[in-house]
Number of protein chains: 2
Amino acid sequence: MASTKLDPIDRKILAELQADGRMTNVELAKRVGISAPPCLRRVRTLEEQGYIRGYHADVDSRALGFEVQVFAMVGLMSQAEIDLSAFEERCRDWPLVRECHMLNGEVDFVLKCAAPDLSTFQTFLTEELTAADNVASVKTSLVIRCAKDLPGVPFEVLEERLERDA
Amino acid sequence: MASTKLDPIDRKILAELQADGRMTNVELAKRVGISAPPCLRRVRTLEEQGYIRGYHADVDSRALGFEVQVFAMVGLMSQAEIDLSAFEERCRDWPLVRECHMLNGEVDFVLKCAAPDLSTFQTFLTEELTAADNVASVKTSLVIRCAKDLPGVPFEVLEERLERDA
DNA sequence: CGTGATATTGAAATAATATTGCGCAGCGAG
DNA sequence: CTCGCTGCGCAATATTATTTCAATATCACG
C-alpha cells in the first residue's frame, strides 16, 4: 500500500465507482475525462493501494425475507484488550451480526443485526449474545424504517475541504 | 416489481454478486452452474425486480482522510409522523450523515456519521444536528475500531432456513 | 531556465466479455 | 398426446477490457 497521493481524477474515479460500482471502464473514462487505458490503470492502482476494498451488489434484504433489522448496544464486564478482541471474534462468527463497531462512552459496542423474523432474533439474543462470556448488558432497538443508507465517503465534503485548503 | 420467486440459482447469483459485485458474467455463470446468456438474463431480472438495488465500490474512508466515524442517538420532542419525516428529510441533506434509521425504544433515530476530523464533526453536531428543529437529545459515540462490516444479507442463514423448512 | 530521467498519456491492435437471435428440451394443462 | 409456456445453451455479433508502444508531459537538478 505505497499510498501515493490522489489527484482530482482519482477522486472522481472513486466517487463514480462508489455511486455505481459496475460502470464500464469506457463510461468511467468518459466521465472523468481521460481515455480508457489510463483510467483502467488508475482503477487497478486504487484497488492495489487499498483505496477500493472491493465491490458489492446492494441486495434488498427485505425482499429476501429478512424482515428484521436491529441495533444492539453491548456493554462488557471487562474492557481489557484481550476480552474486547474475544468479543469481536465471536461477533465475526455470528452470521446475524452484520456490523460490529467498538465505541467510546458507556456502551462498548454497537452491532447491526439482520434476521428473517423476530423470533429468530430473539433466540439469537437470549441464547447467544446475552449469554456470551463477558457480556454485561445488551440494549436492542428494532429498525422501523431507514431514511438514508449511503455507502462510504461523502466526496462532496472532501472536495469542498480541498478547495478551501488550497 | 412482479416478484416471482427465487430459485436456488437466483439466490446463488445474489450471494456471489454481494460478495463480488464486479465479477464478470462468465465467471458468475460458471459459479452458479449455467451458461452465460441465461445468467445475464437472470441478473437483469433481479435488478428490475429490485432484488439488486445497485452496485457500489467499497471505498476506504480512512484512507481518504475521513478519520472520524460516529454513531449518534437522537431523541425528538415530537414523534408525530410529520415531524419524523421532517427530521429524516434534514438527515438526507446532511452529507456527514451516511445512514439514518428510525428505531423503537427510547431513542428515535440512530445516525452513522463520517467526518474528516473531530472538529468538523463537533461543528456539525453543535451547529446543525443539536440545533435542528424538534431535536430533544443527542448522544454520540466515536467509533474506535470496526471488527466486522459485511454488506446486506447473510445468505448462509437463508439457505439453512430454506433447507430446514423443506 | 535547460535537460535528461521518469511517469503518464492516448491510438491502435488484440483478447475477453456481454448481448442478441434462435432452435431445442422440459413440463403442466387441456 | 400435443399445445403453449418457460428457460436453456449454442453460435454470431457488438461492446468492452487489456496490452503494446510511441509521444507527451512532469519534475529534480545542474
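Chain identifiers are assigned alphabetically (A, B, ...) following the order of the sequence lines, protein sequences preceding nucleic acid strands; residue numbering begins at 1 within each chain.
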When the distance from CZ of Arg44(A) to C1' of dT19(D) is rounded to whole Å, what number comes out?
-> 13 Å
Taking only side-chain nitrogens and oxygens of Arg42(A), does any of them come within less than 4.0 Å of OP1 or OP2 of dT9(C)?
-> yes
From CG of Asp7(A) across to C1' of dT9(C) the rounded distance in Å is 13 Å
Given atom CG of Leu17(B) and atom P of dA18(C), what is their separation to the nearest angstrom?
-> 11 Å
Once you round it to whole Å, what is the distance between C1' of dG7(D) and CD1 of Ile9(B)?
-> 10 Å
State the CZ-CZ distance between Phe109(B) and Arg145(A), to the nearest 0.5 angstrom.
-> 6.0 Å
Earlier contact from the 5' end, DNA chain D, for Ile34(B) and Met23(A) = Ile34(B)
Using heavy atoms to find the nearest nucleotide of DNA chain C for Pro37(A) and Arg22(A) separately, return the residue whose nucleotide is more 5′.
-> Pro37(A)
Distance from Leu17(B) atom CG to His56(A) atom NE2, nearest 0.5 Å?
-> 11.5 Å
Interatomic distance where CG belongs to Asn25(A) and P belongs to dT17(C) [whole Å] | 15 Å
Send over the distance from Leu40(B) CG to dA14(D) C1', rounded to a whole Å.
-> 13 Å
CZ-OG1 distance between Phe66(A) and Thr120(A), expressed to the nearest 0.5 angstrom = 8.5 Å
Residue Val26(B), side-chain heavy atoms: nucleotide from dG10(C), dT18(D), dA18(C) that is nearest | dA18(C)
Ionic contact status for Asp20(A) with Arg31(A), cut-off 4.0 Å = no
Rounded interatomic separation in angstrom, taking CG from Leu28(A) and P from dT18(D) = 12 Å
In whole angstroms, the gap separating C1' of dA18(C) from CD of Glu27(A) amounts to 16 Å
Measure from the side chain of Thr24(B), starting at C-beta and using heavy atoms only, and say which of dT19(C), dT18(D), dT17(C) lies closest.
-> dT17(C)
Restricting to pairs with a member in residues 127-144 of chain A, which pass salt bridge (Lys or Arg N to Asp or Glu O under 4.0 Å), not counting sequence neighbours?
-> Lys139(A)-Glu106(B)
Give a yes/no on whether any side-chain N or O of Arg41(A) is located under 4.0 angstrom from OP1 or OP2 of dA17(D).
-> no
